[in-house]
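Let me begin by presenting the structure, written as structure tokens, before commenting on it.
Numbered from 1 within each chain, the chains take letters A, B, ... in sequence-line order. Just the heavy atoms: all of them, side chains too, but no hydrogens, waters or symmetry mates, feed the values below. Owing to the predicted nature of the structure, the values given are computational and were not obtained by experimental measurement.
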Amino acid sequence: MLGPSTPGPHLFAEMQARVRDAAGAVLGSGADLTRIVVEPPRDASHGDMATNAAMVLAKDAGQKPRDLAEAIAEKLRADAKIEKVDIAGPGFINLTLKGEVWPDALRAVLEQGKTYGRGTVGAGKKVNVEYVSANPTGPLHVGHGRGAVFGDALSSLLVAAGFDVTREYYINDAGAQVDVLARSAFLRYREALGEDIGDIPEGLYPGDYLKECGAELAADYGDKLKAMPEAEWLPIVRRRATDMMMAEIRNDLARLRIVPEVFFSERSLIEGEEPDPFASEPPRPPADVVAETIAALRTAGHVYEGRLPPPKSGNLEDWEDREQTLFRSTDFGDDVDRPLLKSDGSYTYFATDIAYHKSKFDRGFADMIYVWGADHGGYVKRMQAAVKAVSGGKGQLDIKLVQLVRLLRNGEPVKMSKRAGDYITLREVVDEVGKDAVRFDMLYRKNDAVLDFDLAKVIEQSKDNPVFYVQYGHARGKSIFRTAADQGLLPADPAALRKADLARLTDPGELSIIRKLALYPRMLEAAALAHEPHRVAFYLYELASEFHAQWTRGGKESPHLRFIIQDDPQTTVARLALVQGIVTVLACGLDLLGVEAPDEMR
RNA sequence: GCGCCCGUAGCUCAGCUGGAUAGAGCAUCAGACUUCGAAUCUGAGGGUCGGGAGUUCGAAUCUCUCCGGGCGCGCCA
């Protein structure tokens, strides 16, 4: 038996196990019980829980669903936790639980506190969650922010479900883009030396954010870089510029309470790890992991030299039919094979990404999640093909595409001119509306739905704005405790709430809230397995809504429903225990989403 | 032309991996503050779940096919 404070199986999991046992007893071994689910009924009048057991098993058993339901129901009627079993509709088995189940369920919340809802389905399995991975060529924008918030919340969710999660950021510091960045920074360096650089040429980054980089280079190197050929100054400037951009990016993410644990450099795959200046061993020659990966794939028969048909659209003027090095991704479900080398002999982004994902697999991550912008949708199949190839079919890559964000202000699109480099940055948005509004708003939507982000509405302090609605629920709960303390009705010993006579909570609204609290672990587990953090946000909204409704019921119509009853300390303590349960779950859920749970919001 | 995503109330969106009479918020209308915080709550109206066919005890959910919108389609990441 599990001790009272051990996060054991939650109520729904427990009842599901009991139903499966009952069905197994009726049908004998060999029956597939995995499709049996126990869920809350659509209508509360159907009881506390419903199961599809009879309907999913009827065919295999060769019985009518309702007959089978009756047989299973007979077993369940003997269950100590079940008060009543009904059969309804096509063969649903509706369960009404014994009255004492609900006080016990609330007590579990109070006993487990911050650990309530945490599960073990993850079983300590290692999962790599990669997100953001924006090019270090400019400030993060709001779209990056959405991917970052999503990846971070999903990671927290998986941790809560018992997975061993690593949050990772892939630095694209090896492609042509960072060379462009370096040339742009070099221009700012010449400008810092007093040169008139005029307009920024087409194709370079025009934003002001590189001026500081240019100034630093001028301070450190004087005019020495100017005397060098590009091949010499480029790596120096590139390194300085990407380091500065990454520092900015990390700073922007930190403002959103996002701290990736691993920053993985694309360049390190090609040139090897940065030599450690304090190492006692002589530095090893740089290893080209990409070349090794391609060679291994070639040996395995997944790489060949060949030609591709011309693309179906786009400009065919610069199309040149040539033989190239191709990854046979069609063997793994892709539509066409994919090139690994550019015409100048350097690696394609895809080639380094294959090596990168091999690195993930080699580091022990059979489960990988990749959070990507929706404009990368065309790359999903080839990446999943690559993971299959480098992991021998043992790796699993779930790619979550995050749709674009439309920035609005009072319903009007915010004008952005990328060409002039004056687009709204993520930092500006976070500074304007705050971390909590950004995070909750972005999570209060499925990842694959386009998000309208209205700068005016997200700071509105009304029920129109879900984040304030939920946070207000938490603050209101805390407010009840303050009032109870003022009136001398709050027990000094926190343990007193756990010992309260919770059977006094008999109002339908109160029982409904307890049922909702009992649902939290089940919701968390499902959200984690589905990789859908938005379910947490919706759950919290619903819980807050039930709490607000119960609060208002204690108005002048029904003062006996108030949480604090001056002349009835016993009932007051029981209701304070309920409030404690609500506050605990709201705080836990908000924490998963990275949103604060304030004690007051005046 | 091909691939992926989306289409649910006037608007913005959920719908718990196939369950019972499809739900919230906004907006509209009608109500509740000498309150434990009205940043709240109660009620009403509002639907061929884009159309059609199929799979089965049962479909918003799975398959196919159209319609409409978005993204992508060597040598950008």
Of residues 31-40 of chain A, the positions that come close to RNA chain B - non-hydrogen atoms, cut-off under 4.0 Å: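 Of all residues in residues 31-40 of chain A, none places a heavy atom under 4.0 Å from RNA chain B.
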When the distance from [atom1] of [X] to [atom2] of [N] is rounded to whole Å, what number comes out?
X        : N      : atom1 : atom2 : result
A:Phe12  : B:rU17 : CZ    : P     : 12 Å
A:Leu68  : B:rC57 : CG    : P     : 14 Å
A:Trp372 : B:rC71 : CH2   : C1'   : 13 Å
A:Leu340 : B:rC76 : CG    : P     : 14 Å
A:Asp335 : B:rG3  : CG    : C1'   : 5 Å
A:Arg535 : B:rG23 : CZ    : P     : 19 Å
A:Leu404 : B:rC71 : CG    : P     : 8 Å

Just name whichever nucleotide pairs with [N], Watson-Crick or G-U, keeping both distances under 3.5 Å, else none.
N      : value
B:rU55 : none
B:rA44 : B:rU28
B:rC4  : B:rG70
B:rU17 : none
B:rC49 : none
B:rU35 : none
B:rA22 : none

Ring-face cation of A:Arg382 near A:Tyr379 (centre distance under 6.0 Å, axis angle within 45°):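 Cation-pi check for A:Arg382 and A:Tyr379: passes.
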Reported CG-to-CD1 distance for the pair A:Asp67 and A:Ile72, which is rounded to 0.5 angstrom: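 So the gap between those two atoms works out to 11.0 Å.
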Hey, are [Y] and [X] close enough side-chain-wise for a donor-acceptor pair under 3.5 Å?
X        : Y        : answer
A:Glu266 : A:Thr352 : yes
A:Thr571 : A:Arg504 : yes
A:Gln177 : A:Tyr349 : no
A:Arg522 : A:His10  : no

Nearest-nucleotide pick for A:Ala526, side chain only, options being B:rC16, B:rA77, B:rG25: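 Per side-chain heavy atoms of A:Ala526, the pick is B:rC16.
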Detail all sub-3.5 Å separations between protein N/O atoms and N/O atoms belonging to nucleotides 7-9 of chain B.
none

Residue list, side-chain hydrogen bond (donor to acceptor under 3.5 Å, both in side chains) with A:Tyr520, at least two apart or on another chain: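 A:Tyr520 satisfies side-chain hydrogen bond (donor to acceptor under 3.5 Å, both in side chains) with no other residue.
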Using a cutoff of under 3.5 Å, can you pull out all pairs of nitrogen or oxygen atoms linking the protein to nucleotides 43-46 of chain B, with atom names and distances?
none

Result of checking A:Phe350, A:Tyr370, A:Phe264 against A:His357 for ring pair (Phe, Tyr, Trp, His ring centres under 6.0 Å):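 With A:His357 as partner, A:Phe350, A:Tyr370, A:Phe264 yield a single ring pair (Phe, Tyr, Trp, His ring centres under 6.0 Å), made by A:Tyr370.
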Dump the pairs, protein N or O against N or O of nucleotides 10-12 of chain B, anything under 3.5 Å, distances to one decimal.
residue	atom	partner	partner atom	Å
B:rU12	O2'	A:Arg445	NH1	3.4

Whether A:Phe538 and A:His534 hold their rings parallel, tilted or perpendicular, with breakpoints at 30° and 60°: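 Perpendicular: the ring planes of A:Phe538 and A:His534 meet at over 60°.
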Nearest atoms (heavy-atom pairs only) where A:Leu308 meets A:Pro339: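 What the structure gives for the nearest pair is CD1-CD, 3.9 Å.
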Donor-acceptor pair present, A:Tyr349 side chain and B:rC75 base, under 3.5 Å: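 Per atom types, no contact qualifies.
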What N/O pairs connect the protein and nucleotides 32-37 of chain B at under 3.5 Å? Give each pair on its own line.
residue	atom	partner	partner atom	Å
B:rC33	OP1	A:Lys556	NZ	2.4
B:rU35	O3'	A:Arg562	NH2	3.2
B:rC36	OP1	A:Arg562	NH2	3.3
B:rC36	O5'	A:Arg562	NH2	3.4
B:rC36	O3'	A:Thr483	OG1	3.3
B:rC36	O2'	A:Thr483	OG1	3.0
B:rC36	O2	A:Phe563	N	3.3
B:rC36	O2	A:Ile564	N	3.1
B:rC36	N3	A:Phe563	N	3.1
B:rC36	N4	A:Trp551	O	2.7
B:rG37	OP1	A:Ser479	OG	2.9
B:rG37	OP2	A:Ser479	OG	3.1
B:rG37	OP2	A:Thr483	OG1	3.3
B:rG37	O2'	A:Tyr472	OH	2.2
B:rG37	O2'	A:Arg476	NH2	3.3
B:rG37	N7	A:Ser479	OG	2.9
B:rG37	O6	A:Met601	N	3.2

